[in-house]
Every structure is written in structure tokens, then in C-alpha cells.
Amino acid sequence: MVTNEMILAFLSIMEYGNLTSAAKNTYTSQSNLSKQIALLEKELGAPLLIRAKGHSEVSLTPYGKEFMRLASHWQTLQKEFEEIRNINAITEISIGALDRMNTFMFADLYNQMMNGHPEIRLDIHTRHSRDIYRQMEDHRLDIGFVSCLLPVSANIAIRPLYDETMLVAACMDHSEKIISPEELDPSKEIYSRWSDEFEIWHDQLWPGRQYRIHVGTASMIPSYLNQSGRWALIPVSLVNSFSHLNAFSHYQLSVDAPKRTIYMLTQKSPRSARAKALHVFENAMIDFLNQDPLIRMISDSE
């Protein structure tokens with residue numbers, strides 16, 4: 001018989017990409033996960049995972065892809081049954097957002113929700129945009145915040161939420177508040193790839209990947225703005241969040257950089273037990289963002 005533990009082991013490996021990460025994030029052992037997968041494959045009578053020799057990442061067999069769809073539906077149903085049993089208790093909503101949003105922008109919003117809405121529990125996930133799209137499609141997230149547009153099914157609604165300009169954060173003394181690309185040494189750049197459009201624009205000004213270091217998340221940037229001449233391009237909403245972390249200044253770039261647009265993904269047919277809580281969160285989120293003078297909210301008519 002297929003058990004809950006088998007399915008959860010399978011889903012955790014697919015979420016985190018490999019046994020090592022899955023074991024670490026679910027507080028279990030790799031041997032236990034391997035055992036559960038072996039039992040699941042024996043019960044189903046077919047292999048689910050492809051384990052390439054010399055590679056830590058796993059991929060799905062054709063049967064595994066079909067089982068992934070069923071397992072995701074099972075997980076959704078499990079949560080809905082739990083919500084029905086606790087209809088008058090706490091409602092949990094799952095939110096996926098980028099690192100810089102969860103770490104810096106939305107921390108105060110999440111605190112406001114915890115303090116003002118004890119009936120709502122937040123399940124926060126920090127992911128890259130493509131992972132958020134995938135988890136929205138699998139109904140593992142109720143709402144997502146991403147920085148790029150990708151094709152989605154008819155079940156997902158996409159709304160441009162806000163955009164913001166890019167500024168130069170630099171560890172240097174500069175008499176003017178505007179700085180030109182020629183004044184920035186590319187070999188001292190702390191580079192973060194904000195979007196496809198940003199990367200194309202960036203490589204036209206500083207070709208050949210001359211940057212000093214490439215960081216994967218926004219939260220890493222301040223740690224390296226600690227020597228004279230180092231600089232980074234960051235969205236304007238991060239200026240206040242970064243200002244207390246290191247002694248650096250920010251400047252406007254003399255040429256226009258692509259604006260950073262954030263999109264909100266929602267389920268067109270949210271789970272009925274979560275609809276009210278999601279409405280409360282979305283209203284609180286809009287009010288919260290409207291109070292930030294550094295970003296420009298995008299109206300529905302645009």
C-alpha cells in the first residue's frame with residue numbers, strides 16, 4: 001500500500017532537486033528517503049526517478065512524471081481535508097516570493113499579518129521566479145511574486161504589481177548624485193542578474209563579464225560592498241533596507257537602466273477554505289506597498 005510517508009518523500013526530493021537537500025530541509029536522513037522511494041517504486045511496480053551516476057540532481061522517468069501530477073493533487077487534497085476539519089480554526093496560505101522580497105520588502109508586511117490576523121498562518125517560501133511558476137501550476141502555492149513573464153496555464157492569473165528604477169550602490173566618495181558608467185570599474189562590480197532584459201542591457205555597457213563576483217541573491221550584496229570602489233546595481237526599494245548594513249552610498253545612473261517589474265501570480269480558482277484569508281492578505285499587501293514612495297504601483301488599466 002502506498003503510504004503518506006512515501007508520497008511526501010517523493011515530493012520533497014522533487015521540490016529540493018536531490019536527496020541531500022531534501023533530507024536537510026525535511027530534517028530526515030538520506031537513507032530514510034531512499035528507503036521510502038524504493039518502497040514506493042516497488043508498490044507501484046515502476047521506477048520513478050532517474051539517478052545519473054556522478055550527478056546529484058535527480059530527474060523523473062515518464063512514469064514518474066505522471067505520478068508527480070497525481071502526487072501534487074494528493075497533497076492539495078490532503079491540505080483541503082485538513083482545512084475542512086479546521087474550518088473555524090487557523091487558515092494557512094502559501095506564499096512564494098523572491099529572496100529580496102521575503103528578506104527585505106515583505107518582512108514588515110508579514111509581521112503586520114501575524115500581529116493583526118491571528119486567524120491566518122503564513123507559509124512563506126523563498127524561490128526563484130521559475131520555481132514559483134512551477135509550484136503555482138502544481139497548486140503548492142496560493143500566491144506568488146515573480147520578476148519575469150513566463151507562459152502559464154489558464155488556471156493562473158498574472159498581474160503586473162509594481163515597477164522600480166535601478167540605482168548604483170557604491171563604496172566610494174562621489175561629489176555628484178549622478179554617476180556615469182565610465183566612472184564605475186567593472187572589475188569591482190558586485191553583480192546580480194535581475195532579469196533577462198537587465199542582463200542584455202548590462203552586457204552592452206560592460207561587455208565580457210568583467211564583474212568581480214556574481215551573487216545569487218540580493219541579501220548577499222551588502223557583505224561585499226565593504227572596500228573602496230566596489231559597486232552594485234540594485235532596485236531602488238532595497239536602498240533603505242541596505243543602508244544600515246554597510247557604509248555605502250547610492251547614486252542615480254546617468255543612463256536609463258531597465259525598470260524592475262514585479263508580477264503577482266494567483267490561482268483563478270483558489271481553494272474555498274482559503275479564499276477569505278487570501279483576500280485579506282492581498283488587501284494588506286496592496287496597502288503596504290502603496291505606502292512605499294520608492295516604487296510605482298501599476299494600475300489595472302495599464
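Position 1 is the first residue of the sequence, and the numbers go up from there. Only a predicted model underlies this, so the values are computations on that prediction, with no experimental measurement involved. Reckoned from all heavy atoms, side chains included, excluding hydrogens, waters and symmetry mates.
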Would you say Y162 and D292 are linked by a side-chain donor-acceptor pair, where the criterion is simply a distance under 3.5 Å?
no
Please list, one pair per line, the donor and acceptor atoms closer than 3.5 Å that link side chains of residues 5-13 to other protein atoms, with sequence neighbours excluded.
{"residue": "S12", "atom": "OG", "partner": "L8", "partner atom": "O", "Å": "3.2"}
{"residue": "S12", "atom": "OG", "partner": "A9", "partner atom": "O", "Å": "2.8"}

Could you tell me which residues satisfy side chain to side chain contact (heavy atoms under 4.5 Å, CB included) with S153, sequence neighbours excluded, listed by chain and number?
E137, N155, I156
Dump the intermediate steps for side-chain contact (heavy atoms from CB on, under 4.5 Å) on Q30 and T20, then the final yes or no.
CA-CA 6 Å; Q30 293 185 50; T20 302; 3.5 Å; yes
Check whether any side-chain heavy atom of L19 sits under 4.5 Å from a side-chain heavy atom of V58, and report yes or no.
no
Does one side chain, of E189 or H214, offer a donor that lies under 3.5 Å from an acceptor on the other?
no
Scan for salt bridge (charged side-chain N to carboxylate O under 4.0 Å, His left out) pairs involving residues 199-220, sequence neighbours excluded, and state none if there are none.
R193-E199
Quick note, ring pair (Phe, Tyr, Trp, His ring centres under 6.0 Å) partners involving residues 121-143, not counting sequence neighbours, are none
Let me see the working for L289 and M105 under side-chain contact (heavy atoms from CB on, under 4.5 Å), right down to the final yes or no.
CA-CA 9 Å; L289 291 176; M105 287 194 67; 3.8 Å; yes
Testing the basics here: between I120 and I90, what is the closest heavy-atom pair and its distance to 0.1 Å?
C-CG2, 4.1 Å
Look at atom NZ of K42 and say whether more than 12 heavy atoms of other residues, nucleotides or ligands are closer to it than 6.0 Å.
no
Report the residues that fulfil side chain to side chain contact (heavy atoms under 4.5 Å, CB included) with A218, sequence neighbours left out, ordered by chain and then residue number.
D99, R100, W194, L238
Going by heavy atoms in the side chains, are P181 and V255 under 4.5 Å from each other?
yes
Ion pair E15/R127, N-O distance below 4.0 Å:
yes
Do D123 and S94 pair up side chain to side chain, a donor and an acceptor below 3.5 Å, judged on atom types alone?
yes
Go through the side-chain N and O atoms of S31 and S29 and say whether any donor and acceptor fall under 3.5 Å apart.
yes
Would you say L149 and I158 make side-chain contact, with heavy atoms under 4.5 Å?
yes
Contact summary for S195 and F198, nearest pair of heavy atoms:
OG-N, 3.0 Å
With the side chain counted from C-beta on, respond yes when R134 and R140 share a heavy-atom pair under 4.5 Å apart, and no when they do not.
yes
Show your reasoning for whether side-chain contact (heavy atoms from CB on, under 4.5 Å) applies to Q210 and S187.
CA-CA 5 Å; Q210 303 176 61; S187 69; 5.7 Å; no
So N115 and Y110, do their side chains get closer than 4.5 Å, heavy atoms only?
no
With E119, which residues qualify under side chain to side chain contact (heavy atoms under 4.5 Å, CB included), at least two apart?
H117
So CZ of F106 and CD1 of I95: to nearest 0.5 Å the spacing works out to 8.5 Å
What I'd like to find out is whether the side chain of D163 reaches to under 4.5 Å of the side chain of I295, using heavy atoms alone.
no
